[in-house]
Amino acid sequence: MATIPIHKMRNFGIVAHIDSGKTTVSERILYYTGKKHKIGEVHDGATTTDWMKEEQERGITITAAAVYATWKDHYLNLIDTPGHVDFTAEVERSLRVLDGAVVVFCAVAGVQAQSETVWRQANKYRVPRLVFVNKMDRGGANFDRVVGQVKERLGGNPVPIQMPIGTGDDFRAIIDLIAMKYYTFEGEKGEDQIESEIPAEFKAEAEKRRAAMIDAVAGEDEKLTEKYLETGTLENADILKGLILGCVHFKLQPMLCGAALRNKGIQLLLDAVISILPDPKSGHTMKQFELSDVTRSNPIETACDPKAPLRAMVFKIMSMPNLGDVSFVRVYQGTLKEGDALVCAGSHRTERAGRMVKLVGSAPNKVEDAPAGDICALVGLKNTQTGDTLLHQTDNKPMMLEGISFAKPVITMAIEPKSNADKEKLAYALQRLEREDPTFKKWTDPETAQLIIAGMGELHLEVLQHRIRDEYKVDADVGKPRVSYRETITNPLEIRGKHVKQSGGRGQYGDCTLEIRPLTSEEKAAGNEFIFEDAIRGGTIPKEYRGPIEDGVRNELYRGYIAGYPVINVHVKLIDGSYHDVDSSEHAFVAAGQLAMRLAYPKLGVVLLEPWMKVEVETPDDFMGTIMGSLQSKRAMITDTVNRGTSQMIRCEVPLGEMFGYTTDLRSMSQGRASFSMEPSEFKQVPNSMVEKLTKGLGRAKAEG
Ligand code: GDP
């Protein structure tokens, strides 16, 4: 493949919640872009982006695959985004790497509670978007109603650039309000798009809607406003300019319509993607930081320039049939070339860009390079993790890209293979899954020797359990879900850990002095949980022993103090120490770091933290009182309630520990008519009155303190 010019690239995703037709739209896009020759239907599991078995079973898209396609001399990277809120990390990482999105709504169901979550996420990441109102062929479909909902419920500024002709069974054509042409869809499955003049009966209405569109875009630019005021209208090139500007500055959202299942409107949608959504240069920019800037206070813009130093982000690692581990990378600056010697910023982990590909469906096409703005996949990287910034090893001013902030796992479960023979297979499967998914963690409980898995919610862990069964062929039993607590410190302290054993033979000698304090709110906000600062100047302790001190500290933090949960939000500064020419070893300094922490714990004011969730409950008016009462008994803090006509939406924060089994409770309280969604918020201190109950028999505070 030849190098692609930046202005011809489009990195976009399809954003929607479950069932609005995202998979069908993606599938049709791949069909029309000529890369797939059979029109697959979702229900026979033949779609290209949805190749993972788990997704096909559930009909939900979990994996953000980036696939490559071309349309009218443009190059598209289509990034798949999941619709389920339990997978916010997936949504987050895909929104981060795309420059624009197509938001799909169902023409019948319109804007639903979950579409609001998706829309808010797109606002957060400042993603320019088009809206595609799908399923116009269903009874009750209403384009104008969805336009109204985008305005009222989402606070958007929808600008229709099309007019549907007919709805339901009678949905038969689309008028393009810019070209002022009439499009019908023929052929066996409706896949041939026929352009003709607008029939006389629709002319007046189309003119009226075109005028409304022109009025909406005229304010996007001074020159346009001037022209509009002078002549009372705008030419097509100016309309397009207004749409592009409005879209890229998040001031408006062009609205289109169609029926993906009937192959209506997809080609027009692709035309809009290349003519309205931004290229990587005019889209959002990515920031980078110097490695020493731990509070991320001096952001520097990346330059979408193929000649600048390389800054590439690994946004997804997945294992794919026939390829093994595949790392999806977006290049923000510089050029990534086959064979490049790479390093993960801020670490000593190195890689070689052995095999570079773009995925056409799930088939790899070899590429030689990926310039700034492009997305590609590297096959066989071993040391890289999701969220890493890749740089050239020769870079003499290494920088790190703004990270993707992954929520921390909040639920744990014990897991055990059904047969002992599967132990190793299970360990292997968990290790692979952990690398792919930064919101999934696994470890062995030091007390019970049980294998523990941790994730974002019950559904998240359930899906992973199915993957372990289907992809890795391991049958495993899981325990009840438990809340994943944390601990933190409240006091600062200076402490010395001196580990010395010198009695005959070679002894052990490690000695360090640490300044320990809680993280500042700025340090926390930048996504840190633990910062180790090496403030030793000169040779008090040789460099090779300082890493082991950090390891010792980490081991202790990980073991926890009051109840055996990991201690987070800690800053440790190594300020002094001493060593012995013969008796010092890495091992002795690990022990010194551990000893310092153990001595410090009783004086650090350790407290217990619990995860809180952001919860949204939507309920008909009738059940409002009961549901509010039950939330209050769960220690909920109500943020606000929004009146939705005949229903109410309650937004609140609730400790996760109170939310187990809520699906069933809510159903019985509301005769099955209320629904809720939740996502992790933050860790907050557990009230004193509850600590005793939660820590009974756990931790070392009592035994040692
Ligand atoms: P996703 O969950 O958002 O990926 O949605 P899917 O693409 O899996 O579609 C959900 C259901 O809606 C499937 O049964 C599709 O066949 C159906 N569907 C998708 N697009 C259309 C459409 O344009 N018209 C109609 N009538 N059904 C559609």
Side-chain angles (χ1 to χ4, degrees), residues 12-32 36 38-65 67 78-87 90-91 94 101-119 121-122 129-143 146 162 164-174 183-185 189-191 193 255-270 361 459 463 677:
F12 74 109
I14 298 183
V15 180
H17 74 85
I18 294 164
D19 237 30
S20 37
K22 188 174 63 190
T23 309
T24 312
V25 173
S26 313
E27 218 288 317
R28 296 311 194 253
I29 285 178
L30 294 181
Y31 171 76
Y32 285 111
K36 190 158 182 299
K38 172 178 171 285
I39 295 189
E41 304 293 347
V42 175
H43 54 253
D44 51 62
T47 57
T48 310
T49 43
D50 250 7
W51 49 270
M52 291 180 83
K53 184 159 179 281
E54 188 57 40
E55 295 179 32
Q56 287 166 8
E57 271 179 10
R58 282 176 182 268
I60 54 178
T61 311
I62 297 162
T63 311
V67 291
L78 172 60
I79 296 134
D80 199 9
T81 65
H84 200 281
V85 279
D86 260 34
F87 306 107
E90 297 278 353
V91 182
S94 42
V102 173
V103 180
V104 178
F105 291 130
C106 166
V108 182
V111 173
Q112 296 159 273
Q114 284 212 357
S115 349
E116 289 182 40
T117 311
V118 171
W119 191 268
Q121 270 166 335
R129 68 209 82 148
L130 306 173
V131 177
F132 182 72
V133 179
N134 189 33
K135 305 199 189 183
M136 284 300 299
D137 62 316
R138 281 186 53 195
N142 188 332
F143 179 67
V146 183
Q162 294 181 340
I165 301 299
T167 75
D169 283 344
D170 188 37
F171 175 56
R172 58 191 188 279
I174 296 171
Y183 294 92
T184 48
F185 307 89
K189 288 184 162 174
E191 66 270 31
Q193 178 177 296
M255 301 279 296
L256 299 90
C257 62
L261 190 64
R262 315 269 166 235
N263 296 297
K264 295 181 180 174
I266 299 294
Q267 287 125 299
L268 293 170
L269 174 63
L270 280 165
L459 179 60
V463 167
S677 67

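Each ligand, and each atom within it, is numbered from 1 in the order the structure gives. Start at 1 with the first residue, then count along the sequence.
- Atoms of ligand 1 lying under 4.0 Å from at least one heavy atom of A259, given by number and element, are 23 (O).
- Atoms of ligand 1 found under 4.0 Å from any heavy atom of D19 (numbered from 1 in listed order, with element): 1 (P), 2 (O), 3 (O), 5 (O), 10 (C).
- Within the set K264, K135, M136, the minimum heavy-atom distance to atom 12 (O) of ligand 1 is found for K135.
- Listed by chain and number, the residues in a side chain to side chain donor-acceptor pair (under 3.5 Å) with D170 are R172 (sequence neighbours excluded).
- Some N or O of G21 is nearer than 3.5 Å to an N or O of ligand 1, by distance alone.
- For atom 4 (O) of ligand 1, the nearest non-hydrogen atom from the set T24, T23, I14 belongs to T23.
- Counting heavy atoms under 4.0 Å from ligand 1, residue D137 touches it through the side chain alone.
- A distance of 11.0 Å separates CD1 of I29 from CD of Q267, quoted to the nearest 0.5 Å.
- Distances shorter than 4.0 angstrom occur between a heavy atom of S20 and an atom of ligand 1.
- Closest heavy-atom approach to atom 27 (N) of ligand 1 within the set I266, N134, L261: this belongs to L261.
- Annotation: the span from L269 atom CG to R28 atom CZ amounts to 13.0 Å, rounded to 0.5 Å.
- To the nearest 0.5 angstrom, I266 atom CD1 is 9.0 Å from S26 atom OG.
- Listed by chain and number, the residues in a side chain to side chain donor-acceptor pair (under 3.5 Å) with N142 amount to none (sequence neighbours excluded).
- Within the 4.5 Å cutoff, the side chain of L268 has heavy atoms near those of the Q162 side chain.
- Numbered from 1 in the order shown, with element, the atoms of ligand 1 that lie under 4.0 Å from a heavy atom of A260 read 23 (O).
- Looking at K264 and F171, their side chains come closer than 4.5 Å, going by heavy atoms from C-beta outward.
- Heavy-atom contacts of K22 reach the following atoms of ligand 1: 1 (P), 3 (O), 4 (O), 5 (O), 7 (O) (cutoff under 4.0 Å).
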